[in-house]
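Since we're looking at a predicted model, the values are computed, not measured.
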Amino acid sequence: MDLRQTLTKQFNPLVSHVESTFEHVIGSGAALMVIHRDEIVMETYWGKQSLEQSARTVQADTQFHAASVRKSYIGYAAAYAVTCGAIASIDDQVMKYLPHLDEERMTGTTIRHLLTHTHGLLGTYTGEIVREFPAGSSWAYRGVGIDMLAQIVKRTTGKTIAQIVQEQVFQPLGFMETGWRAQMDPKMVEVIRKPDDTSWYTSTSTEGDKMNLYVSARELAYWGYFHLKKGFVDGKQLVPREVIDLATTVQSPPLQDKDLPQNGFLWFVKDLPADKTEIGERVPRGSYQILGYTGVTLLVIPEHEFVAVRMFNSFGSPPGYDYLGDVRGFGDCAMRCLLES
């Protein structure tokens, strides 16, 4: 994939927004990439790949730690598994595919619940799974559901998440700067974090099931563009449109609290107004977004043929930093640029 680059001042306010965030988080590097109407209209890089004085400057091939943005790739693999018939229905019980789990705790938990963070399960540090709330009754962002989804995809398709996206997307589009890394590479950023942050971990797995996805700003934007175009890129329908439609439309079960976030296949999807959504108020219905603890954010606004990516190498939020307000502001700033041009 190789889009034409036509840089414009229209999105300079978005540059200022990312610069402001970069000043508030604890990191050494950042990036911004914007695609609008099939053209790259903004591409900017800041800082270095680590705090070392001799560190490599952040540039087009710099790979950032994607954190929870990895879940969009898991969502894609799950949508593929449904489309090809490996998973019969997302309303199937999880126990149908993972019969080794505790039946009492898993009762009533479906794949839909895993995909939309409504499963109500919590994994403990001892490996035990406990229930926080009845499946489908509320919303909570927990990693145990992601682990189960990865297992289900592998068991039903016979392929890992990494194999699925590599064969169907990365290879056809020539992606070379996206992957689950078992060891550090000179083009990868160092993640700046508190040494005692228990939510950080490394992995040598390259199956796509762990939190070790690294990706460049450009290829993450292209990943969003691939979804925007519903798999039709470079004159070819690379994957069935249904895969993308499943992943990027609301799949959440009806919840009593209407202010909870709404999800597709792990993507956050803008649908009805919700106070707890992570997508900006001005961003129109039908848009979708994925974000990670490193500040990495991918926003797709189909109504305006728009994709925006921001990247940082800061893990977590420093005192006084309003992460939710900032990421909402990123989307609202993008909309101001689009509407006031």
Side-chain angles (χ1 to χ4, degrees), residues 68-83 87-98 105-123 129 131-153 161 224 227-228 230 241-293 297-303 324 327-328 331:
S68 286
V69 167
R70 72 187 180 100
K71 293 169 186 174
S72 64
Y73 301 81
I74 297 173
Y76 173 87
Y80 160 74
V82 172
T83 304
I87 294 174
S89 169
I90 64 171
D91 290 314
D92 283 346
Q93 298 289 313
V94 172
M95 287 291 296
K96 175 180 176 180
Y97 301 94
L98 301 177
R105 287 189 175 89
M106 296 302 299
T107 297
T109 309
T110 67
I111 294 175
R112 182 186 299 276
H113 295 139
L114 300 184
L115 290 166
T116 59
H117 305 293
T118 57
H119 49 77
L121 301 169
L122 174 65
I129 297 175
R131 180 161 289 287
E132 291 184 273
F133 54 81
S137 66
S138 189
W139 186 98
Y141 201 69
R142 303 289 184 244
V144 63
I146 306 303
D147 295 338
M148 290 180 185
L149 278 172
Q151 293 176 50
I152 290 172
V153 168
I161 289 154
H227 283 72
L228 173 69
K230 297 185 182 292
R241 289 172 59 98
E242 183 184 358
V243 176
I244 308 300
D245 286 336
L246 277 173
T248 60
T249 55
V250 174
Q251 306 293 341
S252 298
L255 298 173
Q256 185 174 2
D257 185 350
K258 303 303 180 184
D259 282 327
L260 290 171
Q262 299 140 357
N263 293 92
F265 276 41
L266 300 175
W267 285 89
F268 292 91
V269 179
K270 186 68 174 290
D271 191 47
L272 300 174
D275 286 346
K276 298 173 185 177
T277 182
E278 299 184 357
I279 305 179
E281 181 180 1
R282 299 186 66 173
V283 177
R285 193 171 183 177
S287 303
Y288 44 96
Q289 179 174 273
I290 198 82
L291 59 157
Y293 201 49
T297 306
L298 167 57
L299 172 65
V300 181
I301 307 178
E303 183 177 315
L324 187 57
V327 75
R328 286 174 176 166

- Message: side-chain contact (heavy atoms from CB on, under 4.5 Å), that's the test. Do D257 and K276 meet it? Break it down for me.
- Response: CA-CA 10 Å; D257 185 350; K276 298 173 185 177; 3.3 Å; yes

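The closest donor-acceptor contact from the side chain of D92 to the backbone of S89 lies under 3.5 Å. Side chain of Q251 to backbone of T116: no donor-acceptor contact under 3.5 angstrom is found. Not one N or O on the side chain of T277 forms a donor-acceptor pair closer than 3.5 Å with the backbone of A274. Side-chain N or O atoms of K270 include none that pairs as donor or acceptor with a backbone N or O of Q262 at under 3.5 Å. In terms of modelled atom types and a separation under 3.5 Å, the side chain of R328 and the main chain of R282 share no donor-acceptor contact. Formation of a donor-acceptor pair under 3.5 Å by the E303 side chain with backbone atoms of S287 is not found in this model.
A side chain to side chain contact (heavy atoms under 4.5 Å, CB included) with V144 holds for exactly one of L114, L122, L149, I129; it is I129. The only option from D271, V269, N263 that meets the side chain to side chain contact (heavy atoms under 4.5 Å, CB included) definition with Y288 turns out to be V269.
With contacts defined as side-chain heavy-atom distances shorter than 4.5 Å, the pair L255/T118 qualifies. When side chains are defined from C-beta on, L266 counts as touching I146, because their heavy atoms get closer than 4.5 Å. In this structure the side chain of L298 reaches within 4.5 angstrom of the side chain of W267, judged on heavy atoms. The side-chain heavy atoms of P261 and H117, taken from C-beta on, include no pair separated by under 4.5 Å. The closest side-chain heavy-atom distance from S68 to Y141 is below 4.5 Å. Between F133 and H119, every side-chain heavy-atom pair lies at or beyond the 4.5 Å cut-off. By the 4.5 Å heavy-atom criterion applied to side chains, K258 and L272 are not counted as neighbours. At least one side-chain heavy atom of V283 sits under 4.5 Å from a side-chain heavy atom of I301.
The minimum heavy-atom distance linking Y80 with V243 is given by the pair N-CG1, 3.9 Å. Of all non-hydrogen atoms in I279 and F268, the two that sit nearest each other are CD1-O, 3.5 Å.
Within a 6.0 Å sphere centred on CD of E132, other residues, nucleotides and ligands contribute more than 12 heavy atoms.
For the 3.5 Å distance criterion, the side chains of R131 and T109 qualify, holding a donor opposite an acceptor.
Y76 and H227 have perpendicular rings, their planes meeting at more than 60° on a 0 to 90° scale where under 30° would count as parallel.
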